[in-house]
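Worksheet: one structure, shown below.
It should be emphasised that the depicted structure is a prediction, and the values quoted were computed from it without experimental measurement. Residues: numbered from 1 along the sequence shown. Whatever order the structure lists them in is the order used to number ligands and atoms, beginning at 1.
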Amino acid sequence: MIQELTLFTNSYEETLEAGRQLAKLSAAGDVLLFFGDLGAGKTTLIKGIISALQNISPDEVVSPTFVYLQIYGHAPNAVYHFDLYRLTSPEEFISLGFEEFLRKEALVCIEWPERIAPLFPDNVWRIIVNHLGEDKRSIKVIRP
Ligand code: ADP
Ligand code: MG
């Protein structure tokens, strides 16, 4: 059964809090795909998730734009944070040895998942972030 909900936030802080709430709903083994334009708030949501799960400051979560992957914590409480903005192809993802990271006992959060669309596992979460203007954002969460 697909479950769907849409949240609206009016500040960076509210989006962090939405991420903290998402952290409570998800578990190791889940793959969360974050869709949305640059500046929409994908990284902010993931900062909320990771800071809640790893008990660190949101400021310690920085998007891995140049290295593609940042790992927080240890199995079974690990979080893998991918930012695939600069990835050129799904083949590059495979050749870097990342494919197996999609099926581990970790919570997997992926920004710019469009880059690896052919590799999506079954039962992914889709989180669509939209910039509605100024500091207002919509966050649509589609749970598998
Ligand atoms: P993305 O990862 O989607 O490119 P970021 O989360 O890195 O986006 O950046 C979002 C930017 O928008 C930040 O500079 C943040 O301060 C600002 N911002 C303003 N309002 C919000 C909001 N409601 N939610 C999230 N970010 C917001
Ligand atoms: Mg980002």
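- Evaluated by nearest non-hydrogen atom to atom 5 (P) of ligand 1, the leading choice among Thr44, Asp83, Leu132 is Thr44.
- The atoms of ligand 1 that sit less than 4.0 Å from any heavy atom of Leu38 are 4 (O).
- Given atom 18 (N) of ligand 1, the protein heavy atom at minimum distance is Arg137 NH2, 3.3 Å.
- Annotation for ligand 1: atoms under 4.0 Å from non-hydrogen atoms of Asp37 are 3 (O).
- Contact check on Arg20 versus Glu13 returns a salt bridge, with a Lys/Arg side-chain nitrogen under 4.0 Å from an Asp/Glu carboxylate oxygen.
- For atom 8 (O) of ligand 1, the nearest non-hydrogen atom of the protein is Gly41 N, 3.1 Å.
- The proximity of Ser11 to ligand 1, defined as any non-hydrogen pair under 4.0 Å, is limited to the backbone.
- With a heavy-atom cut-off of 4.0 Å, Val129 does not touch ligand 1 at all.
- Taking 2.8 Å as the threshold, Thr43 counts as a candidate ligand of the Mg ion (ligand 2), since one of its N, O or S atoms lies below it.
- For the 3.5 Å distance criterion, the side chains of Asp83 and Thr65 qualify, holding a donor opposite an acceptor.
- Sorting the N, O or S atoms of Glu111 by how far they are from the Mg ion (ligand 2) puts OE1 first.
- No continuous path of ILVMFWY side-chain contacts below 4.5 Å connects Phe35 to Leu32, so the two sit in separate hydrophobic clusters.
- For the residues Thr15, Leu45, Asp135, Ile139, the heavy atom positioned nearest atom 20 (N) of ligand 1 is part of Asp135.
- Other residues, nucleotides and ligands contribute at most 12 non-hydrogen atoms within 6.0 Å of the NZ atom of Lys140.
- When only non-hydrogen protein atoms are considered, atom 7 (O) of ligand 1 lies nearest to Thr43 CB, 3.5 Å.
- Classified by interplanar angle (parallel below 30°, tilted 30° to 60°, perpendicular above 60°), the ring pair Phe82/Phe101 is perpendicular.
- The heavy-atom pair separating Leu69 from Phe98 by the smallest distance is CD2-CE2, 3.8 Å.
- Between the Mg ion (ligand 2) and Asp83 there is no N/O/S contact shorter than 2.8 Å.
- A pairwise comparison of heavy atoms in Lys104 and Tyr80 identifies CD-OH, 3.5 Å as the closest pair.
- Listed by atom number, the atoms of ligand 1 under 4.0 Å from Ala40 heavy atoms are 1 (P), 3 (O), 8 (O).
- Less than 4.0 angstrom separates atom 25 (C) of ligand 1 from at least one non-hydrogen atom of the protein.
- The closest protein non-hydrogen atom to atom 4 (O) of ligand 1 is Gly39 N, 2.7 Å.
- The side chain of Glu111, and not its backbone, has at least one atom closer than 4.0 Å to an atom of ligand 1 (non-hydrogen atoms only; side chain from C-beta on).
- Within a 4.0 Å radius of atom 16 (O) of ligand 1, the protein contributes at least one heavy atom.
- A heavy-atom distance below 4.5 Å is not found between the side chains of Thr44 and Thr9.
- Lys47 approaches Asp59 most closely through the heavy-atom pair NZ-CA, 4.4 Å.
- Distance CZ/Arg103 to CG/Asp122: 8.0 Å, rounded to 0.5 Å.
- Separating the CG atom in Asn130 from the CG atom in Asp37 is a distance of 7.5 Å, to the nearest 0.5 Å.
- Taking distance alone, with nitrogen or oxygen atoms compared against 3.5 Å, Thr9 approaches ligand 1 more closely than that limit.
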